[in-house]
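Below: one structure, written as structure tokens.
Start at 1 with the first residue, then count along the sequence. Keep in mind it's a predicted model, so treat the numbers as computed, not measured.
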Amino acid sequence: SGLLSNLRVPSISIERHDTNFDGYPDMIEYTATFPVGDSERVTYVQAMLGTSLALRARTRFMMDSAVLLTLAAPGRNAQGVTVNGEISLRQLQRLPHRGLTNLAWTYGPLLSGHGAYTVEQLSLDSFQQQLTSRNVTTEISNSREAWQMRTAASTGSFVVKLRLRVPDQDIRLEPEMMTVIKFSWVQFFCIFSVLFLLSRAFLNFLVQSRVLPTRMEWPSSIAKAHMD
């Protein structure tokens, strides 16, 4: 009963904005409104937002991830906070190329939904440890926060609003063998051409400048023709 008395169920709204009309959100707005009493104060905010990523070009990659956020209020009269930032990918190693039929990499949800969990397993520290151990994960970058303070006209609620842009992301892949061959032959051809031209110019210089003792020999058929 003590835990339930301290529980505040928020009302949550999510808006997705597709500014370039490509079918994918370019900005996501999360708004969570918590009911609070007049004597209650919010000193910090911790949030975990679930995200998902799917890559279907050149290789297949699927991931369920999350972004973590911890904010400290500047005082005890905070009425809400607004965070503007970006959802970015953090990649440690290149993804293997497995074609479009096999998954190159996959990460399931942080919680499987089966069995019971301890308080430590449900803590943000545990989730952060799981996320940082992955090869590819998500994080909030270039974030700016703005706190709203209580006024005489403030209502009995605390509002957390996140405006997160989704910029274009770069995924590093291991190239397939045909891609390596397609681009490598050009390099070998260029190196061979340069060496051929340099060696030919060097040999012509040796012969014409007589740097080394040389002797001109004509084939017998050409010599006979001159004699006739």
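- No donor-acceptor pair closer than 3.5 Å links the side chain of E29 to the backbone N or O of S13.
- With E86 contributing its side chain and P167 its backbone, the two residues share no donor-acceptor pair below 3.5 Å.
- The closest donor-acceptor contact from the side chain of D125 to the backbone of Q129 lies at 3.5 Å or more, if one exists at all.
- Of the residues T138, T132, N135, the one that meets the side chain to side chain contact (heavy atoms under 4.5 Å, CB included) test with R90 is T132.
- Using modelled atom types, one side-chain atom of R41 and one backbone atom of R76 make a donor-acceptor pair closer than 3.5 Å.
- Ring pair F189/W185 is tilted by interplanar angle, where 30° to 60° counts as tilted.
- In this structure, M63 CE and L53 CG are separated by 4.5 Å, a value rounded to the nearest 0.5 Å.
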### Task
Go through V45 and E145 one step at a time and tell me if the side-chain contact (heavy atoms from CB on, under 4.5 Å) criterion holds.
CA-CA 12 Å; V45 175; E145 59 184 78; over 6 Å; no
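- Sparse packing is recorded around CZ of R16, with 12 or fewer heavy atoms of other residues, nucleotides or ligands lying under 6.0 Å away.
- Following chains of ILVMFWY side-chain contacts shorter than 4.5 Å, one cannot reach V9 starting from V36, and the two form parts of different hydrophobic clusters.
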### Task
Test side-chain contact (heavy atoms from CB on, under 4.5 Å) on I171 and Q91 and set out the steps.
CA-CA 8 Å; I171 300 290; Q91 182 180 3; 4.2 Å; yes
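- Taking each heavy atom of F34 and R8 in turn, the nearest pair found is CD2-O, 3.8 Å.
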### Message
Go through it in stages, so that I can follow the logic: the residues are L69 and L162, the test is side-chain contact (heavy atoms from CB on, under 4.5 Å), and I'd like the CA-CA distance, side-chain angles, deciding distance and then a yes or no.
### Response
CA-CA 10 Å; L69 187 67; L162 303 179; 3.6 Å; yes
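- Looking at Q79, its side chain does come within 3.5 Å of a backbone N or O of S157 through a donor-acceptor pair.
- Atom CZ of R172 has more than 12 neighbouring heavy atoms from other residues, nucleotides or ligands inside a 6.0 Å radius.
- Considering CD of E139 and CG of L68, their distance stands at 10.5 Å, rounded to 0.5 Å.
- Linking Ile, Leu, Val, Met, Phe, Trp and Tyr whenever their side-chain heavy atoms come within less than 4.5 Å puts V166 and I14 in one cluster.
- A78 and W147 make their closest contact through CB-CE3, 3.7 Å (heavy atoms, listed as atom of the first residue, atom of the second, distance).
- The backbone N or O of G23 lies less than 3.5 Å from a partner atom in the side chain of D18, making a donor-acceptor pair.
- With hydrophobic clusters built from ILVMFWY side chains whose heavy atoms lie under 4.5 angstrom apart, I140 does not share a cluster with Y44.
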